[in-house]
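Down below is the structure, laid out as structure tokens.
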Amino acid sequence: MTFFTNGFVTLQTPKDFDPIPNKGEFVELSLVNPNIPMTIKFSTTPTMAGLPEIKNAMEEQLEANPNIDVQTADFIAINDDIYYMIISSISTKESQIRRNEFMYVQDNNLYSFEFVYPYADAELDDFYLNFIRSMEIKKAKYILTDDGYTLNDDWFIISLFFMIQK
């Protein structure tokens with residue numbers, strides 16, 4: 001069993017997935033499975049918005065793009081938490097890509113999971129949910145300030161703790 005941790009969040013990484021370089025300031029983990037093929041992206045972002053505001057902004061943004069077809073967009077309970085879920089497909093001339101996104105807000109931090117693959121497969125539902133259920137939040141990564149946000153001051157102490165535990 002392989003785990004990802006950044007000192008703030010721990011996730012159990014799925015079997016047969018390899019890490020790839022992160023793209024984006026807030027991307028914590030990017031994985032790819034060349035056998036399926038599927039990519040997974042996990043991000044943490046500071047936010048002042050709650051899930052209802054995020055839902056409205058996401059739906060407005062997706063509706064403005066004619067290449068994206070939203071199949072499902074709704075709130076869903078995972079463990080004891082409420083997530084906002086969007087299942088969509090993106091059509092290009094060459095292919096159609098399925099994208100499942102799950103978003104959760106706690107302590108002004110938005111935790112986002114994105115699963116992208118080239119086909120629709122309802123049998124993967126347990127796969128997504130098991131990956132999301134494995135998330136353990138140790139401490140909020142970002143603290144909102146008057147000037148925006150800052151990295152949680154306890155980050156260094158948390159990192160040392162995890163290094164000592166290895």
Side-chain angles (χ1 to χ4, degrees), residues 4 6 8-17 19-144 148-149:
F4 159 80
N6 61 3
F8 299 100
V9 174
T10 300
L11 289 166
Q12 182 179 337
T13 56
K15 183 181 176 188
D16 299 326
F17 278 78
I20 57 175
N22 293 339
K23 296 182 181 178
E25 178 182 358
F26 299 109
V27 177
E28 304 288 341
L29 176 67
S30 295
L31 301 168
V32 65
N33 184 334
N35 300 322
I36 296 179
M38 177 189 283
T39 61
I40 299 172
K41 181 170 66 174
F42 171 69
S43 304
T44 306
T45 311
T47 185
M48 290 180 56
L51 282 182
E53 294 87 3
I54 291 168
K55 172 189 180 294
N56 292 340
M58 290 295 296
E59 289 177 4
E60 185 176 302
Q61 180 183 16
L62 293 173
E63 288 173 7
N65 189 331
N67 295 329
I68 297 177
D69 180 30
V70 176
Q71 277 91 43
T72 303
D74 206 350
F75 296 103
I76 181 174
I78 301 176
N79 294 338
D80 292 331
D81 302 312
I82 301 298
Y83 283 72
Y84 176 60
M85 171 188 70
I86 301 173
I87 298 174
S88 61
S89 59
I90 303 166
S91 299
T92 65
K93 292 180 182 179
E94 297 82 34
S95 65
Q96 185 170 352
I97 298 169
R98 177 83 163 211
R99 182 174 65 196
N100 293 7
E101 296 177 81
F102 298 84
M103 290 163 255
Y104 171 67
V105 175
Q106 179 179 310
D107 297 329
N108 297 321
N109 283 244
L110 170 63
Y111 301 92
S112 177
F113 296 85
E114 181 182 274
F115 303 89
V116 178
Y117 52 101
Y119 51 85
D121 189 346
E123 292 181 12
L124 290 173
D125 289 350
D126 283 337
F127 172 83
Y128 310 132
L129 295 176
N130 288 335
F131 182 65
I132 295 167
R133 285 181 184 125
S134 79
M135 180 173 69
E136 184 179 338
I137 301 170
K138 307 284 185 191
K139 189 170 198 90
K141 182 173 184 176
Y142 299 105
I143 306 281
L144 295 182
Y149 66 90

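- Using bins of under 30°, 30° to 60° and over 60° for the plane-to-plane angle, the ring pair F26/Y142 lands in the perpendicular bin.
- Using modelled atom types, no side-chain atom of S88 and backbone atom of V70 make a donor-acceptor pair closer than 3.5 Å.
- Using a 4.5 Å cut-off on side-chain heavy atoms (C-beta onward), Y111 and M135 make contact.
- The line from CD1 of I86 to CG of L62 is 5.0 Å long, rounded to the nearest 0.5 Å.
- Of the possible donor and acceptor atoms, one in the side chain of N65 sits under 3.5 Å from a partner among the backbone N and O of N67.
- Taking the six-membered ring for Trp and the full ring otherwise, the centers of F102 and Y83 sit at least 6.0 Å from each other.
- Note that the OG atom of S89 and the CD atom of Q96 stand 4.0 Å from one another [nearest 0.5 Å].
- When all heavy atoms of P66 and A64 are compared, the closest pair comes out as CD-O, 3.5 Å.
- There is a side-chain donor-acceptor pair under 3.5 Å between Y84 and E59.
- The side-chain heavy atoms of R99 and Y117, taken from C-beta on, include no pair separated by under 4.5 Å.
- Shortest non-hydrogen contact noted between L51 and M103 is CD2-O, 3.6 Å.
- Summarising the geometry, atom CD1 belonging to I40 is positioned 5.0 Å from atom CG belonging to L31; distances are rounded to the nearest 0.5 Å.
- Taking all atoms of both residues into account, the shortest heavy-atom contact from A140 to D107 is CB-CB, 4.0 Å.
- A heavy-atom distance below 4.5 Å is not found between the side chains of I78 and F113.
- Annotation: side chain of M58 is in contact with side chain of E101 (closest heavy-atom distance under 4.5 Å).
- Taking 4.5 Å as the limit, every side-chain heavy atom of L129 sits out of range of all side-chain heavy atoms of F131.
- Separating the CG atom in L110 from the OG atom in S43 is a distance of 8.0 Å, to the nearest 0.5 Å.
- Between I68 atom CD1 and Q71 atom CD the span is 11.0 Å, to the nearest 0.5 Å.
- We find that E53 and K55 are not joined by a salt bridge, their nearest charged nitrogen and carboxylate oxygen being 4.0 Å or further apart.
- The aromatic rings of F4 and F42 sit perpendicular to each other, their planes meeting at more than 60°, with 30° as the lower class boundary.
- Between the CD1 atom of I132 and the CE atom of M85 there is a distance of 9.5 Å, given to the nearest 0.5 Å.
- Looking only at side-chain heavy atoms (C-beta outward), I137 and Q106 come within less than 4.5 Å of each other.
- Residues P118 and P37 come closest through the heavy atom pair CD-O, 3.2 Å.
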Side chain to side chain contact (heavy atoms under 4.5 Å, CB included), that's the test. Do T13 and L29 meet it? Break it down for me. CA-CA 10 Å; T13 56; L29 176 67; 4.2 Å; yes
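- In terms of heavy-atom proximity, T47 sits nearest to L144 at O-CD1, 3.4 Å.
- The residues K141 and E28 are annotated as salt-bridged, a charged nitrogen and a carboxylate oxygen being separated by less than 4.0 angstrom.
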Walk me through whether E136 and T10 qualify under side-chain hydrogen bond (donor to acceptor under 3.5 Å, both in side chains). CA-CA 5 Å; E136 184 179 338; T10 300; 5.5 Å; no
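- Relative ring orientation between Y128 and F115 is described as tilted, the plane-to-plane angle lying within the 30° to 60° band.
- Proximity of V116 to I97: side-chain heavy atoms (C-beta onward) are separated by under 4.5 Å at one or more points.
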